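Each remark here refers to the structure printed beneath this line.
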2 protein chains.
Amino acid sequence: MIKKVIDVKNPGKTAEKILAAARMVFAEKGYSGAHVDEIAVRAGVNKATLYYQIGDKDTLYANVIHQVLGNTAQNIAASVAKVDHPEEKLKAYIKYIADAVDTNPEWTPIMMREMAADGAHLPRVVIEDIVAVLTILIGILDEGIKKRIFIEVPPFLIHMMIVGTILFYKKAVPIKDRQSWLPAEIKVHDRNLKSNLGEEVAKLVLKAIKR
Amino acid sequence: MIKKVIDVKNPGKTAEKILAAARMVFAEKGYSGAHVDEIAVRAGVNKATLYYQIGDKDTLYANVIHQVLGNTAQNIAASVAKVDHPEEKLKAYIKYIADAVDTNPEWTPIMMREMAADGAHLPRVVIEDIVAVLTILIGILDEGIKKRIFIEVPPFLIHMMIVGTILFYKKAVPIKDRQSWLPAEIKVHDRNLKSNLGEEVAKLVLKAIKR
DNA sequence: TCATAATATTTAAACGTATAGTTAAACCGA
DNA sequence: TCGGTTTAACTATACGTTTAAATATTATGA
């Protein structure tokens with residue numbers, strides 16, 4: 001009975017299952033902490049299948065990185081282009097990044113570990129993507145400065161401020177919340193900004209750079 | 001000839017040499033990327049010495065973490081107490097953190113990786129230290145709000161903004177500088193804020209939260 | 001439509017190296 | 001000589017990678 005069926009229905013493409021599992025495991029454990037065996041198990045395939053479909057661990061990681069970090073620039077550009085005023089553009093920029101981090105939770109740990117490792121594994125294409133994002137920001141800031149809306153600020157620092165704040169906050173909150181013994185002072189602040197982190201950060205950054 | 005002498009003179013305490021080497025290697029490679037053998041080699045001792053002096057890899061890492069991240073609060077408190085106005089206090093707070101990161105380069109990668117791993121290895125004592133630091137910030141902000149110098153802001157977010165900005169910037173600059181192919185637009189900005197990053201960040205944060 | 005050949009994909013098992021951790025003996029200053 | 005300290009050699013296992021056989025899928029020809 002029960003022909004065999006069970007789980008899979010249409011398999012959803014083996015390679016994709018592997019990539020998805022790899023994304024999770026690399027995000028949780030980092031490159032050296034992630035074991036090929038575990039990725040294979042979580043993907044529900046044999047280890048050799050993984051090698052057949054994708055290749056060795058390095059290749060696998062490069063794929064994950066590209067999948068997670070790549071192709072952000074186009075989306076940001078589109079998001080920013082929808083509005084006109086520099087102030088609105090910057091809001092869109094920040095909001096987009098905050099939302100992307102929400103949608104793509106693996107982003108944060110992978111990025112943090114890459115930075116910790118001095119970007120040792122970052123493929124060129126990802127760096128190009130980051131540069132493209134930065135270029136958008138520079139455009140916004142330049143326009144704002146020209147129109148005398150913004151003061152002059154170092155764009156690279158502003159970018160790091162935006163990204164650093166969002167990523168650190170996102171990762172730090174769960175750690176904080178896990179501490180049951182915290183003094184009330186700490187707990188009492190910071191109520192409900194989980195959902196609108198992007199807006200809160202945008203508010204602060206805008207206030208910081210507006211003339 | 002050459003009796004054997006060479007380096008050591010008084011050994012500088014074996015355990016300390018090991019800790020120093022471990023700090024470097026863990027910072028460079030992360031927990032699973034760091035190998036006990038390499039730590040022993042860099043410390044110039046045999047692996048068994050390391051086990052005799054300190055213990056297994058976990059113990060070693062816990063020691064490093066505590067050594068690197070612990071005992072910051074007292075210093076910050078002292079630094080902040082030296083000035084009076086909340087604005088000056090906040091400046092001192094930020095400046096202290098920026099300077100500490102400069103003095104202690106291992107701080108950044110270790111902290112980033114710990115956050116990426118959801119603080120899995122963070123010993124209680126380190127979290128207590130971070131809480132103590134946060135408490136100082138809350139004090140500064142509360143005073144500033146009471147004196148109507150600052151607007152109301154979520155302190156935890158502000159802390160993450162300060163730390164996130166500083167750490168991300170510090171780690172991102174070398175990665176950026178390594179890219180020889182960058183478009184001039186990117187390179188041209190951000191001149192000389194290497195040394196006074198703390199001040200620059202303080203300026204931005206203060207502008208963001210001042211009434 | 002079916003049988004069979006060719007190809008693509010998956011799998012269990014094995015291999016070799018790297019690595020965390022152990023141990024017993026040598027070393028060395030008091 | 002005695003105790004703390006260091007050493008090289010060793011063990012067991014974990015892990016990335018490969019192999020060859022099994023199975024599934026597609027193509028071909030009557």
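Below, all heavy atoms of this structure are taken into account, side chains as well, without hydrogens, waters or symmetry copies. Protein chains get the first letters and strands the later ones, always in sequence-line order, with residue 1 at the start of each. Computed from a predicted structure; not experimentally measured.
Residues passing the salt bridge (charged side-chain N to carboxylate O under 4.0 Å, His left out) test with K207(A): none are found, sequence neighbours excluded. Scanning for side chain to side chain donor-acceptor pair (under 3.5 Å) contacts around Y96(A) gives N75(A), with sequence neighbours left out.
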Apply salt bridge (charged side-chain N to carboxylate O under 4.0 Å, His left out) to residues E199(B) and K203(B) and explain how you reach the verdict. CA-CA 6 Å; E199(B) 284 170 31; K203(B) 204 157 58 178; over 6 Å; no
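Ring geometry for Y93(A) against H159(A) counts as perpendicular: the plane angle is over 60°, on a 0 to 90° scale with 30° as the lower cut.
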Tabulated below should be each protein N or O lying under 3.5 Å from an N or O of nucleotides 22-26 of chain C; please produce it.
none

Result block: side-chain N/O donor-acceptor pairs under 3.5 angstrom for residues 113-121 of chain B, not counting sequence neighbours:
{"residue": "R113(B)", "atom": "NH2", "partner": "A27(B)", "partner atom": "O", "Å": "2.5"}
{"residue": "R113(B)", "atom": "NH2", "partner": "E28(B)", "partner atom": "O", "Å": "3.0"}
{"residue": "E114(B)", "atom": "OE1", "partner": "H121(B)", "partner atom": "N", "Å": "3.3"}
{"residue": "E114(B)", "atom": "OE2", "partner": "Y61(B)", "partner atom": "OH", "Å": "2.6"}
{"residue": "D118(B)", "atom": "OD1", "partner": "K171(A)", "partner atom": "NZ", "Å": "3.0"}

Identify all side-chain donor-acceptor contacts of residues 44-55 of chain A below 3.5 Å with residues at least two apart in sequence or on another chain.
{"residue": "N46(A)", "atom": "OD1", "partner": "A48(A)", "partner atom": "N", "Å": "2.8"}
{"residue": "K47(A)", "atom": "NZ", "partner": "D37(A)", "partner atom": "OD1", "Å": "3.2"}

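For the side-chain contact (heavy atoms from CB on, under 4.5 Å) test with R23(B), the passing option among V68(B), I39(B), L60(B) is V68(B); the others fail.
Atom CD in Q53(A) sits roughly 17 Å away from atom C1' in dT17(D) (whole-Å rounding).
Residues of residues 21-44 of chain B that place a heavy atom closer than 4.0 Å to DNA chain D do not occur.
Out of dT11(C), dG16(D), dA8(C), the shortest distance to the side chain of K57(A) is found at dG16(D).
When the side-chain nitrogen and oxygen atoms of T49(A) are compared with OP1 and OP2 of dT11(C), one or more of them lie within a distance under 4.0 Å.
A donor-acceptor distance shorter than 3.5 angstrom exists from the side chain of Q179(A) to the backbone of I175(A), with no hydrogens or angles considered.
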